[in-house]
Amino acid sequence: MKHDTKKLDAIIDSYKDELIESLQALLKIPSVKGEPEPGMPFGKDVNDAAVHVENLLKSMGFKTKNFDGYVVTAEYGTSEDIFGVLSHLDVVPAVGKWTYPPYEAHIVDGKLYARGSMDDKGPAMCSIYALKAVREAGIELNKRTCRLLFGTDEESGWADIHYYEKLEKLPEIGISPDAWYPVINSEKGLYQAVIKKEFTDKTKGILEIKGGSRPNIVPDVVTAKVVMGAGLIKGMELAAKELGVELKYEVNGDVYDIEVTGKSAHASMPYLGVNSVSALISLLAMVNLPNADQNEAIKQIANKIGMQYNGQNIGIDVEDESGNLTLNVGIVNITDTNLEITIDIRYPRSLTGEIVTQRIQEALAGFEVIMTNDKEPHFVSPDHELVKTMLDIYANYTGKEAYTVAIGGGTYARALPAGVAFGPGFPGEPELAHQADEFEKIENYIINTKMIAAAIVELCAE
Ligand SMILES: [Zn+2]
């Protein structure tokens, strides 16, 4: 490292209690995307979180800007060139069973439990205190100005960043503390599609299947109302155990009310969860459904997707230096007349969204495949100043080996010409983003803050 950061580190240590209290207040705002209101494009709760951060920054004396509720920024420095630290204040819904309520921010055994503690309000708060410390240490940012950028729609459609881009240029260079350490310089392509089919057969069979809330979450629960032959459910119950899901049912007349429970996870690492929707489709494919159209459709989906997380039977199980493809069935909505399944795929550099669509279409003949989202893979050379600097900081602060990593999650880093994701998850620690009982260790907030502050100094000060 070019700069001595001892004084800076001591200042950050002194912020510990204040940082945690500010963060707890922010975590208590359940900032899940809601219905838009005037001046609140993602609903009141998300806006409350943005205003909370804006007010905190103002109270610290930073120059702030609020881009109509889409993005809040604050900056410090004298240069025209900008180094960005990009985080987000929206969270995914707190699904699953929580030991500690998701919006109370309890601290137990040195861990802060809350939705957003890791992803991404924790790192957002760390970036605020990092910049505060740099200013308090009297370090002049003359090479680049540091701009903190807080988004509000990262978990959904990135409408925040798109809005911002229309008004202001995004930084040329920056980090997003919204994934893992050491340094993520490669992000896989992010692809989402809706698979549709209409049923013409009017025979009673599947009346309803509903599961999943977002394409980017492995759905933990799915419910179904199905008319099917008596005795079939026993075989499904046994098979459910083998798939690692729990199957519960009630019989009402000739209708089976079925509930399948698996385990949620982030869609970029579907193998960490157990997909309840994929499991239910696989189970229904084992029996003969009375409705011929539904019977065929379910068998096709089970055969081509099934419980596979890598798209093998679709012929997209590609792996290269940017990682391997992952596939998640995120949302299902089947009625007696229509099937609609939303999938989320993270693809490596050697594929394109067009190829993915084409292969799915070939595999699932008779279905309509509509691509709804396609973000190209992102890559920053390991020789770039940014990557080298961040690796150096990581090695210095942790004493551990620093290396670059490819991921399937899309962070704001990919919105920048030279952007890398940096933290907050440490290698070997459990992956908690989007999961129940999300937590972060208090000590990690401090080291995260120190490393962000070091990045600001190394990249912004002469
Ligand atoms: Zn995030």
Side-chain angles (χ1 to χ4, degrees), residues 1-13 15-16 19 83-87 117-120 122-131 133-134 137 139 141 143-144 146 148 171 173-187 268-269 321-323 378-409 411-414 416 418-433 440-461:
M1 286 171 52
K2 290 184 295 181
H3 300 82
D4 180 0
T5 52
K6 274 202 195 71
K7 185 179 165 197
L8 194 58
D9 293 345
I11 293 172
I12 291 167
D13 283 327
Y15 287 162
K16 185 177 165 186
L19 190 163
F83 167 68
V85 182
L86 286 70
S87 57
S117 56
M118 277 287 266
D119 181 16
D120 192 36
M125 194 56 75
C126 292
S127 74
I128 293 173
Y129 280 87
L131 193 60
V134 169
I139 301 166
L141 304 186
K143 186 175 160 193
R144 292 188 180 103
C146 176
L148 306 181
I173 178 171
I175 60 171
S176 180
D178 192 18
W180 298 273
Y181 291 117
V183 175
I184 289 155
N185 67 328
S186 170
E187 297 188 5
S268 65
M269 286 170 294
E321 79 285 351
S322 65
H378 170 74
F379 187 73
V380 183
S381 165
D383 299 325
H384 194 284
E385 175 199 7
L386 174 69
V387 179
K388 284 185 174 166
T389 303
M390 301 317 293
L391 287 172
D392 189 27
I393 290 169
Y394 180 80
N396 259 282
Y397 274 87
T398 65
K400 293 187 180 129
E401 189 200 349
Y403 49 92
T404 56
V405 184
I407 60 160
T411 72
Y412 286 149
R414 70 192 309 148
L416 314 182
V420 297
F422 184 67
F426 284 92
E429 294 198 347
E431 164 53 35
L432 299 162
E440 173 66 295
K441 292 179 190 161
I442 301 293
E443 64 194 74
N444 284 356
Y445 288 123
I446 305 307
I447 188 165
N448 290 342
T449 306
K450 287 178 180 173
M451 288 198 279
I452 294 171
I456 295 170
V457 172
E458 291 284 282
L459 289 160
C460 302

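None of these values were measured; they are calculated from a predicted model. FYI, side chains are in, hydrogens and waters are out, and symmetry mates aren't considered; it's all heavy atoms of this structure.
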Partner of E458 under side-chain hydrogen bond (donor to acceptor under 3.5 Å, both in side chains), picked from K388, K143, K2, H3, is H3
Residues P177 and L86: closest non-hydrogen pair is CD-O, 3.3 Å
**Report entry** Stepwise side chain to side chain contact (heavy atoms under 4.5 Å, CB included) check, I184 with F422
**Finding:** CA-CA 6 Å; I184 289 155; F422 184 67; over 6 Å; no
Note: L416 and P171 closest approach over all heavy atoms is CD2-O, 3.4 Å
query: Can you find a heavy atom in the side chain of M451 that is under 4.5 Å from one in the side chain of M390?
result: no
The reported gap from OG in S87 to CE in M125 (rounded to nearest 0.5 angstrom) is 9.5 Å
Q. Is a donor on one side and an acceptor on the other found under 3.5 Å between the side chain of R144 and the backbone of L459?
A. yes
Shortest non-hydrogen pair, C126 vs I452, comes out as CB-CD1, 4.0 Å
What one should report as the nearest heavy-atom pair of T411 and D178 is CG2-O, 3.7 Å
I want to check something: taking the side chain as every heavy atom from C-beta on, are V405 and S186 in contact at a cut-off of under 4.5 Å? no
Which of N396, D392, T398 passes side chain to side chain contact (heavy atoms under 4.5 Å, CB included) with Y394? It is T398
Would you mind checking if K450 and E443 are paired as a salt bridge, meaning a charged N to carboxylate O distance below 4.0 Å? no
So CD1 of I407 and OG of S268: to nearest 0.5 Å the spacing works out to 6.5 Å
Evaluate S117 against Y445 for side chain to side chain contact (heavy atoms under 4.5 Å, CB included), listing each step before the verdict. CA-CA 10 Å; S117 56; Y445 288 123; 3.4 Å; yes
For a 4.5 angstrom cut-off between non-hydrogen side-chain atoms, does V183 reach Y181? no
Taking N185 for the side chain and V380 for the main chain, is one N or O donor matched with an acceptor at less than 3.5 Å? yes
task = Please step through side chain to side chain contact (heavy atoms under 4.5 Å, CB included) for the pair N448 and F426, ending with a clear verdict.
result = CA-CA 10 Å; N448 290 342; F426 284 92; 4.1 Å; yes
Report task. Just do the side chain to side chain contact (heavy atoms under 4.5 Å, CB included) check on Y397 and M1 with the steps written out, would you? Result -> CA-CA 10 Å; Y397 274 87; M1 286 171 52; 4.0 Å; yes
Heavy-atom closest pair (A413 atom, H378 atom, distance to 0.1 Å) is O-NE2, 3.5 Å
